[in-house]
K.L.:
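I'd like to ask you about the structure that follows.
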Amino acid sequence: MTPLQDAVDALPLAEPPACAAQAGSWCARFYEWTNNDFLASSADVVVNGTIKIVLIIVVAFVARHLLHRAITRVVEGASNGGLSKVLGRAPRRIRTTPLISQRRIQRTRTIGSVLRSITSAVILLIAAVMILAEFGVALGPILASAGIVGVAVGFGAQNLVRDFLSGMFMLLEDQYGVGDIVDLGEASGTVEAVGLRITTIRDVQGTVWYVRNGEILRVGNKSQGYAVAVVDLPLAHSADMAEVSELAGRVAAERVGQEDIAEDVLEDPEVLGVEKVTAEGATLRLTVKVNPGKQWAVQRALNAAITDAFDDEGVPRPVPLGLGGRLGT
């Protein structure tokens, strides 16, 4: 034997790690497979940590899937409930309008998508924190810093959060949708886009208004369910109100039966009677229930028809006080 071999044989044999004596442990198995002290001593930590991390990921994916299903069902149920209330107030002939179903589907998809994104982000954050804890990362300073940042962002983004929540409830309650004619107080017109933070409206002059959802205190929707065309007819004090009312009702009934507006009329015209009396004359009011958004077209048609009929029958009209005084002189 060589001197080098003698020296190697004289070295003390390395003892296996203490955990290798535990039968059935990962340490014993790794030491048996690799005969490596480092791998054997780290086996329990590595394998157990890996199993926990995989379990956290699996649970996170399962929780995400279940929450997404629950959100979809809840949002669809809420939308159907809101739709039933709207349809309950609408005339029977428009309760199956395809536009209403399309609005419901659009609203449900938007709300469901936002809620699913929020739940995914929350679950991902919780899973990431738990995984970092398995690696021995000190979470106390991280959570404290995150809390401070969250408070600062919360104070700085109050309006953003308010806009977001208001937009969520507007969509969920179906207060208005794209294509509706609405009055939001500061702006009124046709809705071109509904977002979670901003509602875009174009008025009759073509101006586009961007309204923050959090600033909307009231909503007047002129396109939901049905609308009412209101026709105010100015008359002189000398007019026979009974005869004029009968004439206006007859002409209005004939006009709404014509092809150009017949499809938009839901009920027969109704002469309400004298609405107000002033020093110049009296105002006779007539109303008719129509499809949403069609009240102005029907109102213009009735105004034209009734005005022509009054002119043909010689119904007296009011004369402004100043003009009457000058004519009298």
Side-chain angles (χ1 to χ4, degrees), residues 71-72 74-90 94 97-122 150-230 264 289-300:
I71 288 172
T72 301
V74 169
V75 172
E76 288 182 352
S79 299
N80 289 332
L83 180 65
S84 300
K85 294 179 180 179
V86 172
L87 294 182
R89 298 192 298 265
I94 64 172
T97 303
L99 178 61
I100 297 180
S101 298
Q102 184 178 0
R103 285 163 57 94
R104 180 181 63 85
I105 294 173
Q106 180 184 10
R107 184 176 68 255
T108 301
R109 288 178 178 175
T110 302
I111 298 174
S113 176
V114 173
L115 293 179
R116 284 191 292 269
S117 298
I118 293 175
T119 55
S120 296
V122 172
V151 172
V153 172
F155 277 108
Q158 295 181 65
N159 291 333
L160 181 63
V161 174
R162 184 171 62 179
D163 294 341
F164 178 82
L165 293 178
S166 298
M168 286 289 297
F169 282 107
M170 287 177 183
L171 289 172
L172 185 62
E173 297 169 359
D174 191 25
Q175 296 181 12
Y176 54 81
V178 175
D180 285 354
I181 301 173
V182 298
D183 181 359
L184 303 182
E186 296 295 331
S188 61
T190 303
V191 178
E192 291 196 343
V194 180
L196 292 176
R197 193 178 69 87
I198 293 291
T199 295
T200 305
I201 296 177
R202 186 179 298 273
D203 63 17
V204 294
Q205 297 177 344
T207 304
V208 177
W209 296 87
Y210 299 93
V211 184
R212 286 173 42 200
N213 294 332
E215 297 296 326
I216 299 175
L217 301 180
R218 63 175 179 82
V219 177
N221 195 328
K222 303 177 182 179
S223 304
Q224 205 169 59
Y226 64 87
V228 177
V230 180
D264 296 326
K289 189 174 292 186
V290 298
N291 283 327
K294 301 298 183 180
Q295 59 267 39
W296 296 284
V298 175
Q299 180 177 321
R300 287 191 293 267

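Every heavy atom of this structure was used, including side-chain atoms; hydrogens, water molecules and symmetry mates were not.
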K.L.:
So which heavy atom on Gly293 is nearest to which on Ala227, and how close?
P.N.:
N-CB, 4.3 Å
K.L.:
Could you measure the distance from the NZ atom of Lys294 to the NZ atom of Lys222? Nearest 0.5 Å is fine.
P.N.:
15.5 Å
K.L.:
For the atom pair NZ (Lys289) and CG (Asn291), what is the distance rounded to the nearest 0.5 Å?
P.N.:
11.5 Å
K.L.:
Taking the side chain as every heavy atom from C-beta outward, state whether Val204 and Trp296 have any atom pair closer than 4.5 Å.
P.N.:
no
K.L.:
Which salt bridge (charged side-chain N to carboxylate O under 4.0 Å, His left out) pairs, counting each pair once, include a residue from residues 199-215, with sequence neighbours left out?
P.N.:
Arg162-Glu215, Asp163-Arg212, Glu192-Arg202, Arg212-Glu215
K.L.:
Using the side-chain hydrogen bond (donor to acceptor under 3.5 Å, both in side chains) criterion, which residues pair with Ser120? Sequence neighbours excluded.
P.N.:
Arg64, His68
K.L.:
Out of curiosity, Phe169 CZ to Leu165 CG, how far, rounded to the nearest 0.5 Å?
P.N.:
6.5 Å
K.L.:
Do you know which two heavy atoms are closest between Gly185 and Arg218, and how far apart they sit?
P.N.:
CA-NH2, 3.4 Å
K.L.:
Would you say the side chain of Gln175 lies within less than 4.5 Å of the side chain of Asn221, judging by non-hydrogen atoms?
P.N.:
no
K.L.:
Report the distance from atom CG of Asp180 to atom OG1 of Thr190, rounding to the nearest 0.5 Å.
P.N.:
9.0 Å
K.L.:
Can you tell me how far CD1 of Ile201 sits from OG1 of Thr207, rounded to the nearest 0.5 angstrom?
P.N.:
12.0 Å
K.L.:
So which heavy atom on Val211 is nearest to which on Ala187, and how close?
P.N.:
CG2-CB, 4.2 Å
K.L.:
Looking at side-chain heavy atoms only, is the closest gap between Val219 and Leu184 below 4.5 Å?
P.N.:
yes
K.L.:
Hey, does Asn213 have a side-chain heavy atom less than 4.5 Å from the side chain of Met170?
P.N.:
yes
K.L.:
Minimum heavy-atom separation for Gly214 and Ser166, please, with both atom names.
P.N.:
CA-OG, 3.7 Å
K.L.:
For the residue pair Pro292 and Tyr226, what are the closest heavy atoms and their distance?
P.N.:
CD-CA, 4.0 Å
